[in-house]
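What follows is a short report on a single structure.
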Amino acid sequence: MEKPARIAVIDIGLPSMDGLALTQALRDQGHTMPVLILTARDALQDRVQGLDKGADDYMVKPYELPELLARLRALLRRSQAATSAVL
């Protein structure tokens, strides 16, 4: 049986915690699942900060569903390739 894919889609403006802090906490705890930040914050500084905090991708709202799904598939492909690579 195949393991279900794990991926986190996080908004920066969460009600109880900043999404950047959540992303940083996931990375600090050793979680390696792909993280995509999906937010309305579109300034260059926000995008850079999101990626520097550990996000694998950053997408600004409004978004088109086909693009979001394609980005999620790409993140999953990269994460599966990284865990199944043989050296």
Side-chain angles (χ1 to χ4, degrees):
M1 183 171 189
E2 190 175 318
K3 278 178 35 175
R6 291 181 147 190
I7 193 163
V9 178
I10 299 174
D11 193 329
I12 292 176
L14 296 173
S16 62
M17 178 182 221
D18 179 78
L20 294 176
L22 174 59
T23 302
Q24 179 81 57
L26 287 171
R27 296 306 187 215
D28 289 348
Q29 294 170 13
H31 293 283
T32 59
M33 76 179 91
V35 172
L36 181 139
I37 291 181
L38 183 61
T39 184
R41 297 185 192 176
D42 63 350
L44 175 60
Q45 179 181 342
D46 293 321
R47 296 189 310 261
V48 169
Q49 188 176 23
L51 295 168
D52 284 346
K53 293 287 184 181
D56 298 287
D57 199 357
Y58 190 105
M59 195 168 174
V60 176
K61 297 176 190 176
Y63 61 91
E64 297 291 334
L65 186 58
E67 181 183 5
L68 172 62
L69 295 175
R71 287 173 180 258
L72 292 172
R73 286 191 301 270
L75 288 171
L76 288 172
R77 269 195 313 273
R78 285 195 300 265
S79 70
Q80 290 168 353
T83 58
S84 63
V86 176
L87 299 178

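What you see is a predicted model, and the numbers here were worked out from it, not measured in a lab. Values below: every heavy atom of this structure, side chains too, minus hydrogens, waters and symmetry copies. All residue numbers refer to positions in the sequence shown, counting from 1.
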Is any side-chain heavy atom of Arg73 closer than 4.5 Å to a side-chain heavy atom of Leu69?
-> yes
How many angstroms lie between OG1 in Thr39 and CD1 in Ile10, if you round to the nearest 0.5 Å?
-> 11.0 Å
Once you round to the nearest 0.5 Å, how far does CG of Asp11 lie from CZ of Arg41?
-> 8.0 Å
Results of side-chain contact (heavy atoms from CB on, under 4.5 Å) for Ala21 - residues two or more places apart only | Met17, Asp18
Leu76 and Val9: same hydrophobic cluster, using ILVMFWY side-chain contacts below 4.5 Å?
-> yes
Should Leu75 and Leu68 be regarded as members of a common hydrophobic cluster, given that ILVMFWY residues are connected when their side-chain heavy atoms come within less than 4.5 Å of each other, either directly or indirectly?
-> yes
Step-by-step side-chain contact (heavy atoms from CB on, under 4.5 Å) determination, Leu20 to Ile37 | CA-CA 9 Å; Leu20 294 176; Ile37 291 181; 3.7 Å; yes
Tell me whether Tyr63 is reachable from Ile7 by hopping between hydrophobic residues (I, L, V, M, F, W, Y) whose side-chain heavy atoms are closer than 4.5 Å.
-> yes
Under 3.5 Å, side-chain donor or acceptor atoms of residues 45-55 against the rest of the protein: list the pairs with distances, not counting sequence neighbours.
residue: Arg47; atom: NH1; partner: Asp42; partner atom: O; Å: 2.4

Which residues share a side-chain contact (heavy atoms from CB on, under 4.5 Å) with Gln29, sequence neighbours left out | Ala25, His31
Sorted by chain and number, sequence neighbours left out, side-chain hydrogen bond (donor to acceptor under 3.5 Å, both in side chains) with Arg27 holds for Asp56
Going only through I, L, V, M, F, W and Y residues with side-chain contacts under 4.5 Å, is there a path from Ile12 to Val60?
-> yes
Contacts of Glu64 that satisfy side-chain hydrogen bond (donor to acceptor under 3.5 Å, both in side chains) - sequence neighbours left out | none
Roughly how far apart are Leu72 CG and Leu36 CG, rounded to 0.5 Å?
-> 5.5 Å
Using side-chain hydrogen bond (donor to acceptor under 3.5 Å, both in side chains) as the criterion, list what pairs up with Asp57, not counting sequence neighbours.
-> Arg71
